[in-house]
Amino acid sequence: MSGYGVPHDDIATLLDVDPKTLRKHFRRELDRGSIEATAKVGQSLFRMATEGNNVAAAIFWMKARAGWREKHDVTVSAGGGAPLVTIYLPENGRDPPATEFSIEGTATEAPDED
């Protein structure tokens with residue numbers, strides 16, 4: 001049950017024991033079940049990501065396991081009519097191209113990144 005994500009308190013209720021008793025006598029099994037389940041899901045996700053079946057799986061893997069994150073650049077400048085704040089959002093393949101907004105609310109296309 002631990003491997004399926006059932007909370008320890010719920011497992012204890014089903015077994016009609018106190019949660020502390022469950023953890024005292026079955027700590028290894030509770031920990032191992034959770035680890036084995038995570039390993040199986042990770043294996044499946046890794047296979048989907050590396051075989052090109054699922055782009056979302058690849059992105060999830062890189063964010064959750066490799067520490068990747070979406071980058072949001074914020075630039076603050078002043079004077080000469082330049083925008084006070086420039087925000088560039090990454091392309092995600094679903095939304096329109098990234099747009100630059102000035103503090104006055106005027107929108108312009110973001111510069112191409114190489």
Inset, instruction - Give, for atom NE2 of His25 and atom CG of Leu15, the distance between the pair rounded to the nearest 0.5 Å. - result: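 Rounded to the nearest 0.5 Å, the NE2-CG separation comes to 12.5 Å.
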
Legend entry - Least distance between heavy atoms, Asp18 atom then Ala12 atom: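 Scanning both residues, the minimum pair turns out to be C-CB, 4.0 Å.
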
Inset, instruction - Give a yes or no on this: more than 12 heavy atoms of other residues, nucleotides or ligands lie within 6.0 Å of atom CZ of Arg27. - result: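 More than 12 within 6.0 Å, yes.
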
Legend entry - Contact check, side chains of Arg23 and Asp31, non-hydrogen atoms, under 4.5 Å: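 The answer is no; the side chains never approach within 4.5 Å.
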
Inset, instruction - Report the distance from atom NZ of Lys20 to atom CG of Leu22, rounding to the nearest 0.5 Å. - result: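 The distance works out to 13.0 Å.
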
Inset, instruction - Could you tell me which non-hydrogen atom of Leu14 sits nearest to which non-hydrogen atom of Met1, and how far apart they are? - result: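 It is CD1-SD, 3.6 Å.
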
Legend entry - Side-chain (Thr38) to main-chain (Ser34) donor-acceptor, under 3.5 angstrom: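 Yes: the side chain of Thr38 pairs with the backbone of Ser34.
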
Inset, instruction - State the OG-CD distance between Ser2 and Glu36, to the nearest 0.5 angstrom. - result: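 Ser2 OG to Glu36 CD: 9.5 Å, rounded to 0.5 Å.
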
Legend entry - Set of residues satisfying side chain to side chain contact (heavy atoms under 4.5 Å, CB included) with respect to Ile59, sequence neighbours excluded: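 With neighbours one apart ignored, the set is Val55, Lys63.
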
Inset, instruction - Check whether Phe60 and Met48 end up in the same hydrophobic cluster, where Ile, Leu, Val, Met, Phe, Trp and Tyr are linked by side-chain heavy atoms less than 4.5 Å apart. - result: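 Linked, Phe60 and Met48 end up in one cluster.
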
Legend entry - Exercise: identify the closest heavy-atom pair between Ala57 and Leu45: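 Taking Ala57 first and Leu45 second, the nearest heavy atoms are CB-CD1, 3.0 Å.
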
Legend entry - Shortest non-hydrogen contact from Ala58 toward Ala49: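 Looking at all heavy atoms of both residues, the shortest contact is CA-CB, 3.4 Å.
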
